[in-house]
Amino acid sequence: MVNWFYKDKEILKHSDLDDRCTDFVYEISYEDGTKYIGKKTVRANRRVQPTKAQLAIRKNYKRVEHKDIPFARYIGSSSENEGKTVVKKEIIFQCSNKLTAGYLEVKLLFITGAIEHDGYNNKNISGRYFDNCLSGLLQA
C-alpha cells in the first residue's frame, strides 16, 4: 500500500494532519504515468442518535459529533482509475472547509488542463465541464 505524503512528510493517520484540516486536495500518480486530481473529506460533523438522557430534556434533541473519516487506503473516486497501480499519493492542500477544498481542486484542474490532456484521468470538472467541452472550438 502506498502512503500519503504532504510536503515530503508521510501521512499515516489523522493526527499527522493539521488539527483544523477537514478536507484535502490531492494528486494520485499511477504506474502508467497518468495522474488524478481530487479532494477528500477527512473530518466531518455527523448527526448521531441522541442519548436517552438528552431525549428526556428535549424530544427533538439533535446531537452532532465530530468524526474522523478513514482516508489512508483511499485511492480516488473515479471509475477511470479502477485496476490501476498507484505509485504516489500526494496531498497538495489541507483545508479547513469544503468550500476552500472545492475551489482549490477546480483551480488545479483548470491550471493543469486536466480534462484536455491524456496525462490526467479526470473527465470532468465539478460535473459541469467535461473532456469534450472544447469540441465546439473553431480553429482560426
Side-chain angles (χ1 to χ4, degrees):
M1 179 177 84
V2 177
N3 292 325
W4 289 98
F5 284 87
Y6 177 66
K7 295 184 178 179
D8 296 325
K9 180 185 169 202
E10 194 170 28
I11 306 294
L12 301 172
K13 54 193 177 300
H14 288 86
S15 60
D16 296 336
L17 295 168
D18 188 295
D19 292 338
R20 299 164 295 167
C21 178
T22 60
D23 301 81
F24 61 70
V25 179
Y26 64 85
E27 182 178 80
I28 296 179
S29 301
Y30 297 94
E31 195 173 50
D32 63 0
T34 59
K35 296 179 180 184
Y36 181 79
I37 294 173
K39 65 180 177 181
K40 174 72 177 142
T41 299
V42 293
R43 293 185 181 112
N45 290 330
R46 299 284 189 218
R47 186 177 286 178
V48 294
Q49 283 281 23
T51 64
K52 288 182 181 181
Q54 290 169 331
L55 286 174
I57 296 170
R58 193 172 70 232
K59 187 176 183 178
N60 63 346
Y61 197 96
K62 292 182 176 91
R63 192 175 101 180
V64 177
E65 286 185 0
H66 198 66
K67 297 267 188 175
D68 288 343
I69 300 170
F71 70 93
R73 294 177 179 235
Y74 185 75
I75 55 170
S77 59
S78 175
S79 59
E80 299 286 328
N81 302 328
E82 288 179 13
K84 292 188 176 187
T85 306
V86 176
V87 176
K88 182 180 178 185
K89 298 192 296 187
E90 180 181 10
I91 297 170
I92 301 169
F93 300 110
Q94 291 186 48
C95 307
S96 63
N97 59 55
K98 286 184 181 299
L99 183 65
T100 303
Y103 172 81
L104 291 171
E105 177 197 21
V106 169
K107 180 180 176 180
L108 269 177
L109 289 168
F110 277 118
I111 287 173
T112 59
I115 62 172
E116 302 166 30
H117 302 294
D118 293 336
Y120 287 88
N121 296 328
N122 296 79
K123 296 299 174 197
N124 73 75
I125 298 176
S126 297
R128 180 170 180 164
Y129 303 103
F130 292 85
D131 55 353
N132 64 354
C133 66
L134 292 177
S135 62
L137 179 65
L138 302 174
Q139 298 296 325

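- Side-chain contact between I115 and I125 is present, with heavy atoms from C-beta onward closer than 4.5 Å.
- Between the side chain of H66 and the backbone N or O of R43 there is no donor-acceptor pair closer than 3.5 Å.
- Counting heavy atoms from C-beta on, the side chains of R47 and R63 never come closer than 4.5 Å.
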Yes or no on side chain to side chain contact (heavy atoms under 4.5 Å, CB included) for V64 and V48, after CA distance, side-chain angles and deciding distance?
CA-CA 6 Å; V64 177; V48 294; over 6 Å; no
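- Under a 3.5 Å cut-off, the side chain of E116 and the backbone N or O of G113 do not form any donor-acceptor pair.
- Other residues, nucleotides and ligands place more than 12 heavy atoms under 6.0 Å from the OH atom of Y74.
- Using a cut-off of 4.0 Å between Lys/Arg side-chain N and Asp/Glu carboxylate O, K35 and E27 are scored as salt-bridged.
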After noting the C-alpha distance and the side-chain angles of L108 and V25, does the key distance pass the side chain to side chain contact (heavy atoms under 4.5 Å, CB included) rule?
CA-CA 9 Å; L108 269 177; V25 179; 3.8 Å; yes
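- Taking the six-membered ring where the residue is Trp, F71 and F24 present perpendicular rings, their angle passing 60° and hence far from 30°.
- Side-chain contact between V2 and V87: absent, with no pair of heavy atoms (C-beta onward) separated by less than 4.5 Å.
- Taking the charged nitrogens against the carboxylate oxygens, K107 and E105 have no contact shorter than 4.0 Å, which rules out a salt bridge.
- A side-chain donor from one of T41 and K98 sits under 3.5 Å from a side-chain acceptor of the other.
- Surrounding CG of D118 are at most 12 heavy atoms belonging to other residues, nucleotides or ligands under 6.0 Å away.
- Within 6.0 Å of atom CG in N60, more than 12 heavy atoms from other residues, nucleotides or ligands are found, so the atom counts as buried in its surroundings.
- Within 6.0 Å of CD1 on I92 lie more than 12 heavy atoms contributed by other residues, nucleotides or ligands.
- By the neighbour-count criterion of 12 heavy atoms within 6.0 Å, atom CD of Q49 is sparsely surrounded, having that number or fewer from other residues, nucleotides or ligands.
- Contact check on K40 versus D23 returns no salt bridge, with no Lys/Arg side-chain nitrogen under 4.0 Å from an Asp/Glu carboxylate oxygen.
- Annotation: F93 is not in aromatic contact with Y26 [ring centroid separation under 6.0 Å not met].
- Residues N124 and Y129 have side chains that never bring a donor and an acceptor to within less than 3.5 angstrom of each other.
- Annotation for L55: hydrophobic cluster partners, listed by chain and number, are none (ILVMFWY side-chain heavy atoms under 4.5 Å, direct or chained).
- Between the side chains of N45 and K67, no donor-acceptor pair of N or O atoms lies under 3.5 Å.
- Defined by atom type and a distance below 3.5 Å, a donor-acceptor pair is missing between the side-chain atoms of D18 and Q94.
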